[in-house]
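Here's the structure we're looking at; comments come further down.
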Amino acid sequence: MENKHVFGTRVLEQRKKIRLSQEELGAKIGLTHKAISTIESGRRSTSLDKLVELAYTFRVSTDYLLGITDDPSWRGTTED
């Protein structure tokens, strides 16, 4: 599976899991709903800072979003 496709699929799955619309997710991380749509469809990736914001929002690892691992474990601090 191509990484952009894995990334997009995982963003879509995680967004739905926390019950946010594309508009709501975009507003949270500073992207338009169209940008979220193109990420989820695999037609676009995103910058490193937005990747980190997505991981933080979803409470999953960046490695999970990128398809490097199937373990979504969040290792943020207890203050997060």
Side-chain angles (χ1 to χ4, degrees):
M1 197 180 282
E2 186 179 317
N3 275 1
K4 276 188 188 179
H5 183 67
V6 171
F7 177 63
T9 299
R10 290 190 174 173
V11 169
L12 173 64
E13 290 170 352
Q14 293 301 310
R15 177 179 63 79
K16 287 184 174 186
K17 185 177 178 180
I18 64 172
R19 297 187 173 119
L20 289 179
S21 69
Q22 289 178 339
E23 293 84 2
E24 291 168 327
L25 177 58
K28 259 182 143 9
I29 67 167
L31 293 174
T32 66
H33 75 279
K34 287 185 180 192
I36 299 298
S37 175
T38 58
I39 289 168
E40 290 178 352
S41 69
R43 295 183 313 234
R44 171 188 172 168
S45 57
T46 193
S47 66
L48 180 59
D49 61 323
K50 297 301 181 192
L51 171 64
V52 171
E53 288 185 54
L54 286 166
Y56 181 80
T57 299
F58 299 144
R59 297 297 196 262
V60 297
S61 72
T62 55
D63 284 354
Y64 174 75
L65 288 178
L66 293 172
I68 295 168
T69 182
D70 289 329
D71 178 8
S73 297
W74 169 257
R75 290 178 176 71
T77 66
T78 56
E79 298 169 10
D80 292 340

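Note that NE2 of His5 is 10.5 Å distant from CZ of Arg10, once rounded to the nearest 0.5 Å. Rounding to the nearest 0.5 Å gives a distance of 11.0 Å between CZ of Arg15 and CG of Leu54. Atom-to-atom distance recorded for Thr69:OG1 and Tyr64:OH is 9.5 Å, nearest 0.5 angstrom. For the atom pair CZ (Phe58) and CG (Leu20), the distance works out to 7.0 Å, reported to the nearest 0.5 Å.
Closest heavy-atom contact between Thr62 and Ala55: CG2-CB, 3.7 Å.
Two different hydrophobic clusters hold Ile39 and Leu12 under the rule that ILVMFWY side chains link at heavy-atom gaps under 4.5 Å.
Sorted by first and then second residue, the side-chain hydrogen bond (donor to acceptor under 3.5 Å, both in side chains) pairs with a member in residues 24-38 read Ser21-Glu24; sequence neighbours excluded.
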- Audit row: Ile29, Thr46, side chain to side chain contact (heavy atoms under 4.5 Å, CB included) steps and yes/no: CA-CA 11 Å; Ile29 67 167; Thr46 193; over 6 Å; no
- Can you list the steps and then say if Gln22 with Val11 is a side chain to side chain contact (heavy atoms under 4.5 Å, CB included)? CA-CA 10 Å; Gln22 289 178 339; Val11 169; over 6 Å; no
- Message: side chain to side chain contact (heavy atoms under 4.5 Å, CB included) for Leu51 and Leu66? Distances and angles first, verdict last.
- Response: CA-CA 9 Å; Leu51 171 64; Leu66 293 172; 3.8 Å; yes
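No side-chain N or O of Ser61 forms a donor-acceptor pair with one of Asp63 less than 3.5 Å apart. Under the 3.5 Å distance criterion, with hydrogens and angles disregarded, a donor-acceptor pair is assigned to the side chains of Ser73 and Asp71.
No donor-acceptor pair under 3.5 Å is formed between the side chain of Arg44 and the backbone N or O of Ala35. A distance-only check finds a donor-acceptor pair linking the side chain of Arg59 to the backbone of Tyr56 [under 3.5 Å].
Side-chain contact between Leu25 and Glu53 is absent, with no heavy atoms from C-beta onward closer than 4.5 Å.
In this structure Glu13 satisfies the side chain to side chain donor-acceptor pair (under 3.5 Å) test with no other residue, sequence neighbours excluded.
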